Amino acid sequence: PVQPPMRNCLICSVQISECHLGVDCCLACSAFYKRTINLNKESLKCKMGTDDCTEFKAISSCRKCRFLKLCEVLEQSANPSKDQETDK
DNA sequence: TCTCAAGGTAATG
DNA sequence: CATTACCTTGAGA
Ligand SMILES: [Zn+2]
Ligand SMILES: [Zn+2]
């Protein structure tokens, strides 16, 4: 098959050159992650209140949903759930 | 020793 | 004020 020379951000799928935070994420997401934590992520609130802004666009304009998707990718990469592989 | 990854800062909209 | 891109240092092979 084909092995892409470069990777893409698992959060916003932008083309990246290096990995960050332990996952294939772009500079923006890595900076956003630290930034959100440095502020107090619990203070964030969904723009709509539905928590699914990431379902409409690759990257949500609301900090909460953006951080939510970021967390999902982070734990999925950090937690290779042995029960998640349907064919392993 | 060299390369990859992580973390912080600076500039712009 | 928040977001994005670059630079520097540390660890691993
Ligand atoms: Zn990204
Ligand atoms: Zn949202």
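Here the structure is a predicted model, which is why all the values come from computation and not from measurement. Naming: A, B, ... by sequence-line order, numbering from 1 per chain.
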Sub-4.5 Å side-chain heavy-atom contact between A:Arg66 and A:Cys29: yes

A correct 5'-to-3' footprint of nucleotides 6-13 of chain B, with B, S and - meaning base, sugar-phosphate only and no protein heavy atom under 4.0 Å, is BBB-----

Here the pair of heavy atoms bringing A:Cys46 nearest to A:Cys53 is SG-SG, 3.7 Å

In whole angstrom, what separates A:Leu44's CG from C:dA2's P? 10 Å

For the residue pair A:Leu74 and A:Tyr33, establish whether any side-chain heavy-atom pair is separated by less than 4.5 Å. yes

Can you check whether A:Leu10 reaches A:Ser77 side chain to side chain, under 4.5 Å on heavy atoms? yes

To the nearest 10 degrees, the angle between the two end axes of the helix from B:dT1-C:dA13 to B:dG13-C:dC1 (five pairs per end) comes to 0°

Closest approach of A:Leu27 to A:His20 (non-hydrogen atoms, all atoms of both residues): CD2-NE2, 3.8 Å

Roughly, in whole Å, what's the span from CD1 in A:Ile16 to C1' in C:dA5? 14 Å

Indicate yes or no: at least one non-hydrogen side-chain atom of A:Thr54 is less than 4.5 angstrom from one of A:Leu68. no

Take atom CD1 of A:Ile37 and atom P of C:dA2, then tell me their distance rounded to the nearest Å. 16 Å

Any side-chain heavy-atom pair of A:Ser61 and A:Lys47 under 4.5 Å: yes

Taking every heavy atom of A:Cys26 against every heavy atom of A:Cys9, the minimum-distance pair comes out as N-SG, 3.4 Å

